[in-house]
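Read the numbers this way: they start at 1 and go in the same order the structure lists the ligands and their atoms. Only a predicted model underlies this, so the values are computations on that prediction, with no experimental measurement involved.
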Amino acid sequence: MAQLIDGKAIAARVRAEVKAEVEKLQAERGFVPGLAVVRVGEDPASKVYVTGKKKAAAEVGFNSWEHHVDASITQDELLALVGRLNDDPAVHGILVQLPLPKHIDAERVISAVKPEKDVDGFHPTNAGKLSLGKPGLVPCTPWGVMRMLEEVGVSPEGKRAVVVGRSNIVGKPMALMLLQANATVTVCHRKSDLPFEVGMADILVAAVGVPELIKGEWIKPGAVVIDVGMNRMPDGKLKGDVEFAAAKDRASFITPVPGGVGPMTIAMLMRNTLKAAKGE
Ligand code: NAD
């Protein structure tokens, strides 16, 4: 029976560390980090995420501002807002909550954020640095997964890691971070033989967005299973990408959904904002 990886508890620890560092920064350098969150329109999930981010920012002692604009905003107006935040010295981190309305080119907006304020780690410069193995701001969700592995004492070094999903915000950066940590990494997508590939994994990271796509019986006994999936079911409950009930009988460690990777993403956003503020 797998041991649960308690994302809530680890995330609380990360926030406490950030809070202590913010107090030190204020005492030594006389300022606190500032996080600006841009929310466009009325997407209900975005509202929930942004509320969570503002709450965490307040908890760790940051200044934070929400710029909530109407869905009818033009691309130029949104780019101008990002430009003002880029120029504001009190703002160390800028986050444009996705998704954006269809008439806006999200890639252009992401690329308009100064790379040193890109606390989501989505800017092409930061993505490039990650792929080159150079320091930069990295995407929060996979970074949170790396912290979870560290917390349970699982080193990726020499292990076979399998990442299911190849999105730019989770799957790809996840694969690069595991590679950087000396795992042998396989990245799966729709054309992959999932039962075979999943069966090879010492560390499995599922980031697909299909409820229970990954069957418990595919999982190698003793594997570490990290489920990034957050799928809202018709009954309102959240389900992961892994068939949890069956997987937990085979895995050595497993993350629950909810309460696993989810809380880590916001905690690592706080870490990234602190890093940006310190100019690291
Ligand atoms: P995405 O839709 O951008 O990417 C999904 C990836 O999965 C794609 O690369 C696609 O090739 C692959 N895929 C889709 N169907 C597949 C199939 N049947 N077999 C194999 N591969 C398949 O999604 P994303 O943004 O990477 O998010 C993935 C999941 O993680 C979603 O459930 C999302 O809600 C969740 N998520 C959670 C957090 C968090 O904080 N916990 C953060 C981001 C995303």
Side-chain angles (χ1 to χ4, degrees), residues 4-12 14-15 37 43-53 55-56 95-100 106-107 110 119-122 127 130 138-149 161-178 185-201 204-215 218-219 225-234 236-244 247 254-272:
L4 284 189
I5 307 179
D6 186 347
K8 262 194 190 167
I10 301 171
V14 172
R15 291 195 304 274
V37 182
D43 181 72
S46 292
K47 193 172 175 188
V48 173
Y49 293 144
V50 169
T51 304
K53 288 167 186 176
K55 192 170 156 241
L95 181 149
V96 181
Q97 185 65 49
L98 302 177
L100 293 174
E107 257 179 52
I110 290 167
V119 285
D120 255 340
F122 295 164
L130 177 61
V138 296
C140 302
T141 302
W143 198 25
V145 171
M146 296 306 284
R147 173 69 190 253
M148 291 177 114
L149 292 175
V162 174
V163 179
V164 187
R166 58 172 165 189
S167 73
N168 289 334
I169 64 170
V170 191
K172 267 188 226 165
M174 184 78 255
L176 289 166
M177 287 180 206
L178 288 163
V185 182
T186 301
V187 183
C188 298
H189 43 76
R190 282 190 186 83
K191 304 291 176 193
S192 305
D193 177 354
L194 284 186
F196 172 78
E197 302 293 352
V198 166
M200 300 297 284
L204 173 73
V205 181
V208 192
V210 179
E212 299 195 331
L213 174 77
I214 293 166
K215 304 300 167 211
W218 301 348
I219 288 163
V225 176
I226 309 284
D227 192 347
V228 181
M230 290 208 302
N231 307 293
R232 184 73 59 189
M233 306 308 285
K237 290 201 176 119
L238 275 185
K239 246 198 184 130
D241 291 341
V242 177
E243 195 190 20
F244 181 82
I254 190 165
T255 59
V257 177
V261 178
M264 291 303 294
T265 300
I266 296 185
M268 299 320 270
L269 173 69
M270 301 301 118
R271 266 237 149 271
N272 257 351

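Ile226 is not listed as a side-chain neighbour of Leu204, based on a closest heavy-atom distance of 4.5 Å or more. Counting heavy atoms from C-beta outward, Leu238 and Arg232 have side chains that approach closer than 4.5 Å. The shortest distance between side-chain heavy atoms of Ile219 and Val198 falls below 4.5 Å. Taking 4.5 Å as the limit, some side-chain heavy atom of Met177 sits within range of a side-chain heavy atom of Pro139. Put simply, the side chain of Val261 reaches to within 4.5 Å of the side chain of Val145, judged on heavy atoms. Within the 4.5 Å cutoff, no side-chain heavy atoms of Asp241 are placed close to those of Val228. The shortest distance between side-chain heavy atoms of Met200 and Thr186 does not fall below 4.5 Å.
Closest protein heavy atom to atom 31 (C) of ligand 1: Gly209 CA, 3.6 Å. Closest to atom 3 (O) of ligand 1 among all protein heavy atoms lies Ser167 CB, 3.3 Å. Ranking the protein heavy atoms by distance from atom 42 (C) of ligand 1 puts Thr141 OG1, 3.3 Å first. Among protein heavy atoms, the minimum distance from atom 21 (N) of ligand 1 is reached at His189 C, 3.3 Å. When only non-hydrogen protein atoms are considered, atom 25 (O) of ligand 1 lies nearest to Ile169 CD1, 3.5 Å. Nearest protein neighbour of atom 8 (C) of ligand 1, counting heavy atoms only, is Arg166 N, 3.9 Å. Here the protein heavy atom with the shortest distance to atom 12 (C) of ligand 1 is Gly165 CA, 3.9 Å.
When each atom of ligand 1 is checked for a heavy atom of Leu194 under 4.0 Å away, the hits are 19 (N), 20 (C). Taking a cut-off of under 4.0 Å to the non-hydrogen atoms of Leu213, the atoms of ligand 1 that pass are 17 (C), 18 (N), 19 (N). Heavy-atom contacts of Asn231 reach the following atoms of ligand 1: 32 (O) (cutoff under 4.0 Å).
On a distance-only criterion, Met230 and ligand 1 share at least one N/O pair closer than 3.5 Å. Taking distance alone, with nitrogen or oxygen atoms compared against 3.5 Å, Asp241 stays at or beyond that limit from ligand 1.
No side-chain N or O of Gln97 forms a donor-acceptor pair with one of Lys47 less than 3.5 Å apart.
Residues satisfying the side-chain hydrogen bond (donor to acceptor under 3.5 Å, both in side chains) criterion with Ser46, sequence neighbours excluded, are Asp43.
Taking all heavy atoms of Arg232, Lys239, Arg190, Met268 into account, the minimum distance to atom 10 (C) of ligand 1 is reached by Arg190. Across Thr265, Val208, Val170, Leu238, heavy-atom proximity to atom 23 (O) of ligand 1 is greatest for Val208.
Residue-level proximity to ligand 1 for Val228 is carried by backbone and side chain together, each with a heavy atom below 4.0 angstrom.
The number of heavy atoms from other shown groups lying within 6.0 Å of NZ (Lys215) is above 12.
Using a non-hydrogen distance threshold of 4.0 Å, Gly262 registers as a contact of ligand 1.
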